[in-house]
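In what follows, a single structure is set out as C-alpha coordinates and then discussed.
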Amino acid sequence: MNLFEQVSFLFSSYNIPAAFWVNIQLTFWAAIGALLVGTVLGLMRVSPVPSLQWLGTAYVTVFRNTPLTVLMLLAVLGVWSQLKITFAQDFATNFFIYACVVLAIYHAAFVCEAVRSGINTVPLGQAEAARAIGLPFLPAARLVLLPQAFRGAIAPLGNVLIALIKNTTVAAAASVAVETSSVMRGMIEANSNMVILIFMIFALGYVILVVPVGVVTTSLSRKLAVTR
Amino acid sequence: MRNVRSIFAVAAVAALGLSACTTDAGNDAATEDEGTGTSTSTATADGADCSGGDGTLRIGIKFDQPGLGFQDGSTYTGFDVDVATYVACELGYGADAIEWVSAPSANRETMLENGQVDMIFATYSITDARKEVVDFAGPYFVAGQDLLVREDDDSIDGPESLNGKNLCSVTGSTSAQKVKDTLASEVQLLEQPGYADCVTVLEAGQVDAVTTDDIILAGLAATPANSGKFKVVGAPFSEENYGVGLPKGSDMCEDINTAITAMIDDGSWEEAVTSNTEGTGYTPNADLNPPTPAACA
(Lines give C-alpha, C1' and ligand atoms only; values in the text may rest on other atoms or scores of the structure.)
Protein backbone atom coordinates (compact mmCIF):
# COMPACT_ATOMS: atom_id res chain seq x y z
CA MET A 1 0.00 0.00 0.00
CA ASN A 2 1.26 3.47 -0.79
CA LEU A 3 0.77 6.38 1.58
CA PHE A 4 -2.50 7.50 0.02
CA GLU A 5 -3.98 3.99 0.20
CA GLN A 6 -2.87 3.65 3.83
CA VAL A 7 -4.53 6.94 4.78
CA SER A 8 -7.77 6.04 3.03
CA PHE A 9 -7.67 2.57 4.60
CA LEU A 10 -7.33 4.06 8.08
CA PHE A 11 -10.07 6.64 7.52
CA SER A 12 -12.47 4.05 6.09
CA SER A 13 -11.82 1.46 8.84
CA TYR A 14 -11.98 3.90 11.74
CA ASN A 15 -14.21 6.89 12.30
CA ILE A 16 -11.47 9.37 13.15
CA PRO A 17 -13.57 12.57 12.79
CA ALA A 18 -16.11 11.07 15.22
CA ALA A 19 -13.32 10.53 17.75
CA PHE A 20 -12.25 14.16 17.47
CA TRP A 21 -15.88 15.25 17.72
CA VAL A 22 -16.14 13.52 21.11
CA ASN A 23 -13.07 15.43 22.32
CA ILE A 24 -14.54 18.70 21.05
CA GLN A 25 -17.78 18.01 22.94
CA LEU A 26 -15.83 17.16 26.08
CA THR A 27 -13.91 20.42 25.70
CA PHE A 28 -17.12 22.41 25.22
CA TRP A 29 -18.94 21.20 28.33
CA ALA A 30 -15.85 21.09 30.50
CA ALA A 31 -14.88 24.63 29.45
CA ILE A 32 -18.30 25.99 30.43
CA GLY A 33 -18.17 24.20 33.77
CA ALA A 34 -14.58 25.23 34.47
CA LEU A 35 -15.30 28.87 33.56
CA LEU A 36 -18.28 29.06 35.94
CA VAL A 37 -16.59 27.29 38.86
CA GLY A 38 -13.26 29.03 38.23
CA THR A 39 -14.81 32.51 38.19
CA VAL A 40 -16.61 31.86 41.47
CA LEU A 41 -13.35 30.56 42.95
CA GLY A 42 -11.45 33.59 41.67
CA LEU A 43 -13.96 35.91 43.34
CA MET A 44 -13.70 33.89 46.55
CA ARG A 45 -9.95 34.37 46.56
CA VAL A 46 -10.22 38.18 46.30
CA SER A 47 -13.30 38.46 48.51
CA PRO A 48 -13.04 40.20 51.90
CA VAL A 49 -14.23 37.05 53.74
CA PRO A 50 -11.22 35.07 55.10
CA SER A 51 -12.98 31.68 55.15
CA LEU A 52 -13.94 32.06 51.49
CA GLN A 53 -10.36 33.06 50.65
CA TRP A 54 -9.13 29.99 52.47
CA LEU A 55 -11.61 27.71 50.68
CA GLY A 56 -10.58 29.08 47.27
CA THR A 57 -6.90 28.63 48.05
CA ALA A 58 -7.44 25.10 49.32
CA TYR A 59 -9.39 24.13 46.18
CA VAL A 60 -6.69 25.48 43.86
CA THR A 61 -3.90 23.81 45.84
CA VAL A 62 -5.60 20.42 45.91
CA PHE A 63 -6.81 20.20 42.31
CA ARG A 64 -3.93 21.97 40.61
CA ASN A 65 -1.48 19.56 42.20
CA THR A 66 -3.34 16.31 41.61
CA PRO A 67 -2.66 14.58 38.28
CA LEU A 68 -5.73 14.53 36.06
CA THR A 69 -5.45 10.77 35.48
CA VAL A 70 -5.63 10.21 39.22
CA LEU A 71 -8.80 12.30 39.41
CA MET A 72 -10.33 10.37 36.50
CA LEU A 73 -9.53 7.02 38.09
CA LEU A 74 -10.80 8.25 41.45
CA ALA A 75 -14.07 9.23 39.81
CA VAL A 76 -14.58 5.89 38.07
CA LEU A 77 -12.99 3.42 40.50
CA GLY A 78 -14.01 5.32 43.64
CA VAL A 79 -17.15 7.33 43.05
CA TRP A 80 -18.80 5.22 40.37
CA SER A 81 -17.62 1.71 41.19
CA GLN A 82 -17.67 1.87 45.01
CA LEU A 83 -20.16 4.65 45.87
CA LYS A 84 -22.27 3.64 42.86
CA ILE A 85 -23.24 7.20 41.91
CA THR A 86 -24.65 7.03 38.39
CA PHE A 87 -25.55 9.95 36.10
CA ALA A 88 -27.19 7.87 33.36
CA GLN A 89 -28.16 4.24 32.80
CA ASP A 90 -26.35 4.23 29.48
CA PHE A 91 -22.62 3.65 30.07
CA ALA A 92 -21.50 5.91 27.22
CA THR A 93 -23.49 8.90 28.53
CA ASN A 94 -22.60 8.17 32.14
CA PHE A 95 -18.85 8.21 31.59
CA PHE A 96 -19.04 11.16 29.23
CA ILE A 97 -20.66 13.15 32.04
CA TYR A 98 -18.10 11.84 34.52
CA ALA A 99 -15.25 12.94 32.24
CA CYS A 100 -16.79 16.41 31.75
CA VAL A 101 -17.24 16.87 35.50
CA VAL A 102 -13.67 15.81 36.31
CA LEU A 103 -12.20 17.97 33.52
CA ALA A 104 -14.25 20.95 34.74
CA ILE A 105 -13.23 20.42 38.38
CA TYR A 106 -9.55 20.15 37.44
CA HIS A 107 -9.42 23.08 35.03
CA ALA A 108 -11.49 25.32 37.33
CA ALA A 109 -8.36 25.60 39.47
CA PHE A 110 -6.42 27.00 36.50
CA VAL A 111 -9.30 29.24 35.40
CA CYS A 112 -9.41 30.59 38.95
CA GLU A 113 -5.76 31.57 38.77
CA ALA A 114 -6.23 33.16 35.33
CA VAL A 115 -9.22 35.17 36.58
CA ARG A 116 -7.33 36.21 39.70
CA SER A 117 -4.39 37.39 37.62
CA GLY A 118 -6.90 39.32 35.50
CA ILE A 119 -8.38 40.90 38.62
CA ASN A 120 -4.88 41.89 39.70
CA THR A 121 -4.47 43.91 36.50
CA VAL A 122 -7.38 46.12 37.58
CA PRO A 123 -6.05 49.07 39.58
CA LEU A 124 -7.09 49.09 43.22
CA GLY A 125 -8.68 52.53 42.67
CA GLN A 126 -11.38 50.92 40.50
CA ALA A 127 -12.54 48.68 43.34
CA GLU A 128 -12.33 51.52 45.84
CA ALA A 129 -14.35 53.80 43.55
CA ALA A 130 -17.00 51.10 43.11
CA ARG A 131 -17.31 50.68 46.84
CA ALA A 132 -17.30 54.47 47.32
CA ILE A 133 -20.44 54.90 45.22
CA GLY A 134 -22.14 52.38 47.51
CA LEU A 135 -21.87 49.11 45.54
CA PRO A 136 -21.61 45.97 47.71
CA PHE A 137 -18.87 43.41 46.88
CA LEU A 138 -20.75 41.25 44.35
CA PRO A 139 -22.25 44.07 42.22
CA ALA A 140 -18.88 45.82 42.34
CA ALA A 141 -17.24 42.65 41.08
CA ARG A 142 -19.86 42.07 38.41
CA LEU A 143 -20.08 45.63 37.08
CA VAL A 144 -16.57 46.98 37.59
CA LEU A 145 -13.97 44.34 38.39
CA LEU A 146 -14.81 41.29 36.25
CA PRO A 147 -15.45 43.05 32.91
CA GLN A 148 -11.97 44.58 33.12
CA ALA A 149 -10.46 41.43 34.64
CA PHE A 150 -11.65 39.13 31.83
CA ARG A 151 -10.28 41.49 29.19
CA GLY A 152 -6.91 41.22 30.89
CA ALA A 153 -7.21 37.46 31.38
CA ILE A 154 -7.98 36.41 27.79
CA ALA A 155 -4.49 35.16 26.99
CA PRO A 156 -4.10 33.01 30.14
CA LEU A 157 -7.67 31.72 29.70
CA GLY A 158 -6.72 30.76 26.13
CA ASN A 159 -3.83 28.76 27.52
CA VAL A 160 -6.16 26.99 29.92
CA LEU A 161 -8.48 26.18 27.00
CA ILE A 162 -5.60 24.76 24.95
CA ALA A 163 -4.51 22.61 27.88
CA LEU A 164 -8.12 21.48 28.29
CA ILE A 165 -8.42 20.44 24.64
CA LYS A 166 -5.36 18.24 24.94
CA ASN A 167 -6.32 16.94 28.37
CA THR A 168 -9.61 15.60 27.03
CA THR A 169 -7.56 12.61 25.85
CA VAL A 170 -7.24 11.60 29.51
CA ALA A 171 -10.98 10.92 29.43
CA ALA A 172 -9.99 7.46 28.21
CA ALA A 173 -9.12 6.77 31.86
CA ALA A 174 -12.77 7.47 32.68
CA SER A 175 -13.89 4.90 30.10
CA VAL A 176 -14.90 7.37 27.37
CA ALA A 177 -14.28 4.82 24.66
CA VAL A 178 -14.54 6.65 21.36
CA GLU A 179 -12.33 9.67 22.03
CA THR A 180 -9.04 10.15 20.20
CA SER A 181 -6.50 8.51 22.50
CA SER A 182 -8.47 5.26 22.89
CA VAL A 183 -9.24 5.12 19.16
CA MET A 184 -5.55 5.75 18.43
CA ARG A 185 -4.52 2.99 20.82
CA GLY A 186 -6.93 0.57 19.16
CA MET A 187 -5.65 1.52 15.72
CA ILE A 188 -2.02 1.01 16.73
CA GLU A 189 -2.88 -2.33 18.32
CA ALA A 190 -4.48 -3.63 15.13
CA ASN A 191 -2.32 -1.88 12.50
CA SER A 192 1.15 -1.77 13.99
CA ASN A 193 2.64 -1.59 10.49
CA MET A 194 1.27 1.96 10.15
CA VAL A 195 2.14 3.23 13.62
CA ILE A 196 3.93 6.41 12.53
CA LEU A 197 1.19 7.35 10.07
CA ILE A 198 -1.49 6.83 12.75
CA PHE A 199 0.47 8.99 15.16
CA MET A 200 0.90 11.72 12.55
CA ILE A 201 -2.84 11.78 11.77
CA PHE A 202 -3.74 12.42 15.40
CA ALA A 203 -0.90 14.88 15.97
CA LEU A 204 -2.04 16.84 12.92
CA GLY A 205 -5.64 16.70 14.16
CA TYR A 206 -4.63 18.35 17.41
CA VAL A 207 -2.56 20.99 15.64
CA ILE A 208 -5.63 21.85 13.55
CA LEU A 209 -7.75 22.09 16.71
CA VAL A 210 -5.33 23.99 18.90
CA VAL A 211 -3.58 26.50 16.63
CA PRO A 212 -6.74 28.55 15.85
CA VAL A 213 -7.49 28.83 19.58
CA GLY A 214 -4.05 30.34 20.17
CA VAL A 215 -4.37 32.72 17.21
CA VAL A 216 -7.87 33.89 18.20
CA THR A 217 -7.09 34.42 21.89
CA THR A 218 -3.87 36.28 21.14
CA SER A 219 -5.58 38.67 18.74
CA LEU A 220 -8.56 39.09 21.10
CA SER A 221 -6.31 39.83 24.04
CA ARG A 222 -4.60 42.56 21.98
CA LYS A 223 -7.88 44.00 20.73
CA LEU A 224 -9.74 43.98 24.03
CA ALA A 225 -6.94 44.89 26.42
CA VAL A 226 -7.81 47.85 28.61
CA THR A 227 -5.30 50.56 27.79
CA ARG A 228 -4.15 52.31 30.89
CA MET B 1 3.66 -9.77 53.43
CA ARG B 2 4.72 -9.29 49.85
CA ASN B 3 8.16 -10.68 50.59
CA VAL B 4 6.76 -13.66 52.45
CA ARG B 5 4.49 -14.32 49.52
CA SER B 6 7.26 -14.15 46.97
CA ILE B 7 9.47 -16.41 49.08
CA PHE B 8 6.63 -18.94 49.15
CA ALA B 9 6.19 -18.57 45.43
CA VAL B 10 9.87 -19.17 44.76
CA ALA B 11 9.89 -22.12 47.16
CA ALA B 12 6.82 -23.62 45.53
CA VAL B 13 8.30 -23.34 42.09
CA ALA B 14 11.55 -24.85 43.30
CA ALA B 15 9.63 -27.73 44.87
CA LEU B 16 7.92 -28.40 41.58
CA GLY B 17 11.34 -29.09 40.21
CA LEU B 18 11.03 -26.45 37.56
CA SER B 19 14.22 -24.73 38.52
CA ALA B 20 16.24 -27.82 37.85
CA CYS B 21 18.87 -25.82 36.04
CA THR B 22 21.97 -27.49 37.33
CA THR B 23 24.42 -24.70 36.77
CA ASP B 24 25.87 -23.03 39.80
CA ALA B 25 25.91 -19.84 37.80
CA GLY B 26 22.14 -19.90 37.55
CA ASN B 27 21.60 -20.50 41.24
CA ASP B 28 24.16 -17.95 42.30
CA ALA B 29 22.57 -15.43 40.02
CA ALA B 30 19.24 -15.93 41.67
CA THR B 31 20.66 -14.88 45.02
CA GLU B 32 23.12 -12.28 43.83
CA ASP B 33 20.60 -10.49 41.70
CA GLU B 34 18.33 -9.77 44.66
CA GLY B 35 17.73 -6.05 44.44
CA THR B 36 19.54 -5.39 41.21
CA GLY B 37 16.49 -6.17 39.15
CA THR B 38 18.01 -8.35 36.48
CA SER B 39 16.40 -11.72 36.74
CA THR B 40 15.49 -14.75 38.74
CA SER B 41 14.93 -17.99 36.97
CA THR B 42 11.86 -20.06 37.54
CA ALA B 43 11.99 -22.52 34.69
CA THR B 44 14.92 -23.85 32.74
CA ALA B 45 15.64 -26.95 30.78
CA ASP B 46 16.38 -30.12 32.72
CA GLY B 47 20.08 -30.64 32.87
CA ALA B 48 20.86 -27.94 30.37
CA ASP B 49 23.92 -25.88 31.14
CA CYS B 50 22.65 -22.69 29.47
CA SER B 51 26.09 -21.73 28.23
CA GLY B 52 27.44 -20.61 24.89
CA GLY B 53 25.74 -17.28 24.43
CA ASP B 54 27.79 -14.16 24.82
CA GLY B 55 26.72 -10.99 26.57
CA THR B 56 23.17 -10.58 27.74
CA LEU B 57 19.85 -11.32 26.11
CA ARG B 58 17.27 -8.55 26.37
CA ILE B 59 13.78 -10.02 26.51
CA GLY B 60 10.66 -7.87 26.39
CA ILE B 61 7.80 -9.00 28.64
CA LYS B 62 4.77 -7.43 30.27
CA PHE B 63 5.51 -6.25 33.80
CA ASP B 64 1.88 -5.91 34.82
CA GLN B 65 0.17 -9.14 33.83
CA PRO B 66 0.09 -11.58 36.71
CA GLY B 67 0.41 -15.18 35.58
CA LEU B 68 2.07 -14.18 32.28
CA GLY B 69 4.66 -11.48 32.76
CA PHE B 70 4.79 -9.85 36.16
CA GLN B 71 7.37 -7.86 38.07
CA ASP B 72 7.33 -8.59 41.78
CA GLY B 73 10.18 -6.62 43.30
CA SER B 74 13.31 -7.95 41.64
CA THR B 75 11.74 -11.20 40.50
CA TYR B 76 9.78 -11.85 37.36
CA THR B 77 7.09 -14.48 37.23
CA GLY B 78 4.53 -15.87 34.84
CA PHE B 79 4.08 -18.19 31.90
CA ASP B 80 5.72 -15.85 29.36
CA VAL B 81 8.71 -15.50 31.70
CA ASP B 82 8.97 -19.28 32.15
CA VAL B 83 8.89 -19.95 28.41
CA ALA B 84 11.35 -17.12 27.76
CA THR B 85 13.73 -18.43 30.42
CA TYR B 86 13.59 -21.94 28.92
CA VAL B 87 14.15 -20.68 25.40
CA ALA B 88 17.01 -18.42 26.53
CA CYS B 89 18.67 -21.38 28.24
CA GLU B 90 18.42 -23.44 25.05
CA LEU B 91 19.96 -20.53 23.15
CA GLY B 92 22.84 -20.51 25.61
CA TYR B 93 21.83 -17.76 28.02
CA GLY B 94 21.48 -18.60 31.72
CA ALA B 95 19.06 -16.78 33.96
CA ASP B 96 21.80 -14.35 34.96
CA ALA B 97 22.36 -13.37 31.33
CA ILE B 98 18.74 -12.28 30.76
CA GLU B 99 17.77 -8.66 31.05
CA TRP B 100 13.99 -8.28 31.37
CA VAL B 101 12.58 -5.22 29.67
CA SER B 102 9.04 -3.90 29.99
CA ALA B 103 7.26 -4.12 26.62
CA PRO B 104 3.83 -2.44 26.70
CA SER B 105 1.54 -3.50 23.84
CA ALA B 106 1.74 -0.26 21.85
CA ASN B 107 5.57 -0.15 21.96
CA ARG B 108 6.39 -3.71 20.99
CA GLU B 109 7.10 -3.23 17.27
CA THR B 110 9.11 -0.07 17.89
CA MET B 111 11.24 -1.76 20.55
CA LEU B 112 12.10 -4.59 18.16
CA GLU B 113 12.82 -2.23 15.26
CA ASN B 114 15.08 -0.03 17.41
CA GLY B 115 16.95 -2.98 18.86
CA GLN B 116 15.90 -2.14 22.43
CA VAL B 117 15.08 -5.81 22.90
CA ASP B 118 16.29 -9.02 21.23
CA MET B 119 12.96 -10.81 21.50
CA ILE B 120 9.51 -10.31 22.96
CA PHE B 121 7.37 -12.73 24.93
CA ALA B 122 4.41 -10.54 25.83
CA THR B 123 1.05 -12.13 24.92
CA TYR B 124 2.02 -11.15 21.40
CA SER B 125 -0.57 -12.46 18.94
CA ILE B 126 0.75 -13.30 15.48
CA THR B 127 -1.14 -11.18 12.93
CA ASP B 128 -0.52 -10.34 9.28
CA ALA B 129 -0.27 -6.60 9.98
CA ARG B 130 2.44 -7.22 12.58
CA LYS B 131 4.29 -9.65 10.30
CA GLU B 132 4.90 -6.73 7.93
CA VAL B 133 7.19 -5.07 10.48
CA VAL B 134 8.46 -7.87 12.74
CA ASP B 135 9.21 -11.60 12.53
CA PHE B 136 7.61 -14.22 14.71
CA ALA B 137 8.79 -17.55 16.06
CA GLY B 138 6.30 -19.93 17.60
CA PRO B 139 3.42 -19.92 18.47
CA TYR B 140 4.22 -21.19 21.94
CA PHE B 141 0.64 -20.90 23.15
CA VAL B 142 -2.82 -20.60 21.62
CA ALA B 143 -5.12 -18.46 23.72
CA GLY B 144 -8.75 -17.65 23.08
CA GLN B 145 -10.85 -14.70 24.08
CA ASP B 146 -12.90 -15.61 27.13
CA LEU B 147 -14.81 -14.10 30.07
CA LEU B 148 -13.96 -13.68 33.74
CA VAL B 149 -16.95 -13.56 36.09
CA ARG B 150 -17.54 -13.58 39.85
CA GLU B 151 -17.24 -17.03 41.40
CA ASP B 152 -20.93 -17.14 42.42
CA ASP B 153 -22.26 -15.92 39.07
CA ASP B 154 -23.80 -18.74 37.03
CA SER B 155 -25.82 -16.56 34.67
CA ILE B 156 -23.02 -16.12 32.15
CA ASP B 157 -21.86 -19.20 30.25
CA GLY B 158 -20.57 -17.59 27.08
CA PRO B 159 -20.52 -14.36 25.11
CA GLU B 160 -24.11 -14.81 23.93
CA SER B 161 -25.45 -14.56 27.49
CA LEU B 162 -23.99 -11.07 27.89
CA ASN B 163 -27.05 -9.21 26.53
CA GLY B 164 -28.20 -6.72 29.13
CA LYS B 165 -25.00 -7.20 31.14
CA ASN B 166 -22.00 -4.93 31.66
CA LEU B 167 -18.61 -5.92 30.27
CA CYS B 168 -15.18 -4.48 31.03
CA SER B 169 -12.06 -4.51 28.88
CA VAL B 170 -8.91 -2.49 28.44
CA THR B 171 -8.72 0.75 26.43
CA GLY B 172 -7.42 0.16 22.93
CA SER B 173 -8.09 -3.57 22.94
CA THR B 174 -10.50 -4.65 20.27
CA SER B 175 -11.86 -7.61 22.23
CA ALA B 176 -14.85 -5.95 23.91
CA GLN B 177 -15.98 -4.19 20.76
CA LYS B 178 -15.83 -7.55 18.95
CA VAL B 179 -18.25 -9.00 21.50
CA LYS B 180 -20.68 -6.10 21.08
CA ASP B 181 -20.49 -6.13 17.28
CA THR B 182 -20.83 -9.84 16.65
CA LEU B 183 -22.04 -11.74 19.70
CA ALA B 184 -24.16 -9.66 22.07
CA SER B 185 -25.39 -6.30 20.78
CA GLU B 186 -27.17 -5.40 24.04
CA VAL B 187 -24.00 -5.46 26.15
CA GLN B 188 -22.73 -2.27 27.82
CA LEU B 189 -18.99 -1.68 27.53
CA LEU B 190 -16.68 -0.22 30.14
CA GLU B 191 -13.10 0.52 29.12
CA GLN B 192 -10.44 0.81 31.79
CA PRO B 193 -6.72 1.60 31.55
CA GLY B 194 -5.70 -1.79 32.96
CA TYR B 195 -7.08 -5.23 33.75
CA ALA B 196 -6.56 -4.70 37.48
CA ASP B 197 -9.01 -1.78 37.27
CA CYS B 198 -11.51 -4.03 35.51
CA VAL B 199 -11.18 -6.63 38.25
CA THR B 200 -11.80 -3.96 40.93
CA VAL B 201 -15.01 -2.90 39.18
CA LEU B 202 -16.03 -6.55 38.68
CA GLU B 203 -15.60 -7.22 42.38
CA ALA B 204 -17.66 -4.13 43.24
CA GLY B 205 -20.47 -5.52 41.09
CA GLN B 206 -20.71 -2.64 38.63
CA VAL B 207 -19.76 -4.91 35.72
CA ASP B 208 -20.64 -8.59 35.26
CA ALA B 209 -17.68 -9.80 33.24
CA VAL B 210 -14.18 -8.92 32.08
CA THR B 211 -13.01 -10.02 28.67
CA THR B 212 -9.63 -10.70 27.08
CA ASP B 213 -7.55 -13.81 26.32
CA ASP B 214 -8.32 -16.76 28.61
CA ILE B 215 -4.80 -17.22 29.96
CA ILE B 216 -4.57 -13.52 30.92
CA LEU B 217 -7.86 -13.87 32.81
CA ALA B 218 -6.66 -17.06 34.50
CA GLY B 219 -3.48 -15.31 35.57
CA LEU B 220 -5.49 -12.44 37.06
CA ALA B 221 -7.77 -14.83 38.93
CA ALA B 222 -4.79 -16.81 40.22
CA THR B 223 -3.13 -13.89 42.04
CA PRO B 224 -3.29 -14.27 45.83
CA ALA B 225 -5.40 -11.10 46.21
CA ASN B 226 -8.08 -12.47 43.88
CA SER B 227 -7.98 -16.17 44.64
CA GLY B 228 -11.39 -17.72 45.12
CA LYS B 229 -13.26 -14.62 43.98
CA PHE B 230 -13.43 -15.13 40.23
CA LYS B 231 -13.63 -17.85 37.62
CA VAL B 232 -12.92 -18.12 33.92
CA VAL B 233 -16.07 -19.11 32.04
CA GLY B 234 -14.17 -21.46 29.74
CA ALA B 235 -15.90 -20.77 26.45
CA PRO B 236 -13.13 -19.29 24.29
CA PHE B 237 -14.47 -17.62 21.16
CA SER B 238 -11.36 -16.59 19.22
CA GLU B 239 -7.90 -17.92 18.43
CA GLU B 240 -4.84 -15.92 19.48
CA ASN B 241 -1.49 -17.43 18.53
CA TYR B 242 1.10 -16.11 20.96
CA GLY B 243 4.40 -15.81 19.13
CA VAL B 244 7.91 -14.71 19.97
CA GLY B 245 8.44 -11.27 18.47
CA LEU B 246 11.79 -10.89 16.68
CA PRO B 247 13.37 -8.08 14.67
CA LYS B 248 12.73 -8.37 10.92
CA GLY B 249 15.31 -10.69 9.34
CA SER B 250 16.38 -12.28 12.62
CA ASP B 251 18.22 -15.61 12.34
CA MET B 252 17.04 -16.92 15.71
CA CYS B 253 13.59 -18.13 14.65
CA GLU B 254 14.59 -21.78 13.92
CA ASP B 255 16.48 -22.13 17.20
CA ILE B 256 13.61 -20.67 19.19
CA ASN B 257 11.13 -23.04 17.54
CA THR B 258 13.40 -25.98 18.38
CA ALA B 259 13.55 -24.80 22.00
CA ILE B 260 9.76 -24.42 22.22
CA THR B 261 9.28 -27.92 20.80
CA ALA B 262 11.78 -29.28 23.34
CA MET B 263 9.96 -27.53 26.18
CA ILE B 264 6.64 -29.04 25.10
CA ASP B 265 8.17 -32.50 24.68
CA ASP B 266 9.86 -32.67 28.09
CA GLY B 267 6.77 -31.59 30.02
CA SER B 268 8.09 -28.22 31.27
CA TRP B 269 5.57 -26.40 29.10
CA GLU B 270 2.65 -28.21 30.73
CA GLU B 271 4.04 -27.53 34.19
CA ALA B 272 4.53 -23.83 33.42
CA VAL B 273 0.87 -23.53 32.36
CA THR B 274 -0.38 -25.37 35.44
CA SER B 275 1.74 -23.56 38.00
CA ASN B 276 0.81 -20.12 36.68
CA THR B 277 -2.95 -20.68 36.58
CA GLU B 278 -3.36 -22.78 39.73
CA GLY B 279 -6.65 -22.65 41.56
CA THR B 280 -8.73 -21.10 38.77
CA GLY B 281 -9.98 -24.29 37.16
CA TYR B 282 -8.47 -23.11 33.90
CA THR B 283 -7.18 -25.51 31.29
CA PRO B 284 -5.96 -24.33 27.91
CA ASN B 285 -8.03 -25.23 24.87
CA ALA B 286 -6.85 -28.80 24.33
CA ASP B 287 -7.67 -28.88 20.62
CA LEU B 288 -5.09 -26.19 19.94
CA ASN B 289 -2.58 -26.69 22.76
CA PRO B 290 0.24 -27.41 22.98
CA PRO B 291 0.79 -25.78 19.59
CA THR B 292 3.25 -26.79 16.90
CA PRO B 293 5.54 -23.88 16.03
CA ALA B 294 4.97 -22.70 12.46
CA ALA B 295 7.74 -22.83 9.88
CA CYS B 296 10.04 -19.84 9.90
CA ALA B 297 9.66 -17.53 6.91
Side-chain angles (χ1 to χ4, degrees), chain A residues 1 6 9-10 13-15 19 67-70 72-86 88-96 98-99 169-199 202, chain B residues 103-114 120 122-134 136 164-178 180-181 186-194 196-208 212 240 245 248:
Chain A
M1 280 198 277
Q6 287 188 340
F9 166 80
L10 288 175
S13 330
Y14 300 92
N15 200 338
L68 183 56
T69 319
V70 173
M72 287 281 181
L73 286 178
L74 211 62
V76 173
L77 292 181
V79 180
W80 177 74
S81 141
Q82 304 299 322
L83 301 180
K84 305 194 198 293
I85 293 171
T86 309
Q89 279 311 305
D90 173 36
F91 267 21
T93 320
N94 184 42
F95 293 114
F96 182 84
Y98 258 105
T169 53
V170 183
S175 189
V176 178
V178 282
E179 57 81 56
T180 49
S181 76
S182 33
V183 169
M184 185 174 87
R185 237 182 288 181
M187 287 168 76
I188 291 175
E189 181 83 25
N191 305 284
S192 48
N193 48 335
M194 304 177 199
V195 59
I196 292 170
L197 181 62
I198 293 168
F199 184 75
F202 282 94
Chain B
S105 293
N107 302 5
R108 289 178 299 205
E109 290 80 15
T110 325
M111 292 177 81
L112 285 169
E113 283 176 315
N114 296 346
I120 285 182
T123 63
Y124 204 3
S125 293
I126 303 173
T127 68
D128 287 337
R130 287 172 185 159
K131 272 191 201 165
E132 284 183 28
V133 272
V134 299
F136 284 102
K165 305 266 186 187
N166 301 334
L167 177 67
C168 188
S169 76
V170 166
T171 316
S173 114
T174 48
S175 46
Q177 197 58 44
K178 204 157 54 188
K180 191 177 169 80
D181 291 348
E186 299 292 299
V187 70
Q188 292 224 68
L189 297 185
L190 173 74
E191 293 202 355
Q192 284 292 293
D197 306 313
C198 273
V199 169
T200 308
V201 182
L202 177 64
E203 193 179 357
Q206 291 285 72
V207 298
D208 305 292
T212 183
E240 308 292 337
K248 201 85 189 149

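Residue numbers start from 1 in every chain, and the chains themselves are labelled A, B, ... in the order their sequence lines are given, proteins ahead of strands.
Considering every non-hydrogen atom in both B/Gln192 and A/Ser175, the closest pair reads NE2-CB, 4.0 Å. Of all the heavy atoms in B/Thr200 and A/Leu77, the pair that sits closest is CB-CD2, 4.4 Å. Listed here is the closest heavy atom pair of B/Ala204 and A/Lys84: O-NZ, 2.6 Å. A pairwise comparison of heavy atoms in B/Arg108 and A/Glu189 identifies NH2-OE2, 3.6 Å as the closest pair. Here the closest heavy-atom approach between residue B/Leu190 and residue A/Phe91 is recorded as CB-CE2, 3.9 Å.
Of the listed residues (A/Thr69, A/Val195, A/Asn193), the one with the most heavy-atom contacts under 4.5 Å to chain B is A/Asn193. For the set B/Thr110, B/Asn166, B/Asp128, the count of heavy-atom pairs under 4.5 angstrom toward chain A peaks at B/Asn166.
Put simply, the residue from B/Val201, B/Val207, B/Asp197 that forms a side-chain contact (heavy atoms from CB on, under 4.5 Å) with A/Ser81 is B/Val201.
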- Run the numbers on A/Ser192 and B/Glu109 for side chain to side chain donor-acceptor pair (under 3.5 Å), then give the verdict. CA-CA 7 Å; A/Ser192 48; B/Glu109 290 80 15; 3.2 Å; yes
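Only the side chain of A/Val76 comes within less than 4.5 Å of a heavy atom in chain B; its backbone stays farther off. At a 4.5 Å heavy-atom cutoff, A/Asn94 makes no contact with chain B through either its backbone or its side chain. Heavy atoms closer than 4.5 Å to chain B are found in the side chain of A/Leu73, but not in its backbone.
The environment of B/Lys165 atom NZ is dense: over 12 non-hydrogen atoms of other residues, nucleotides or ligands sit within 6.0 angstrom. Atom CD1 of A/Ile196 has 12 or fewer heavy atoms from other residues, nucleotides or ligands within 6.0 Å.
Here CD of B/Gln188 is found 7.5 Å from CD of A/Gln89. Values are rounded to the nearest 0.5 Å.
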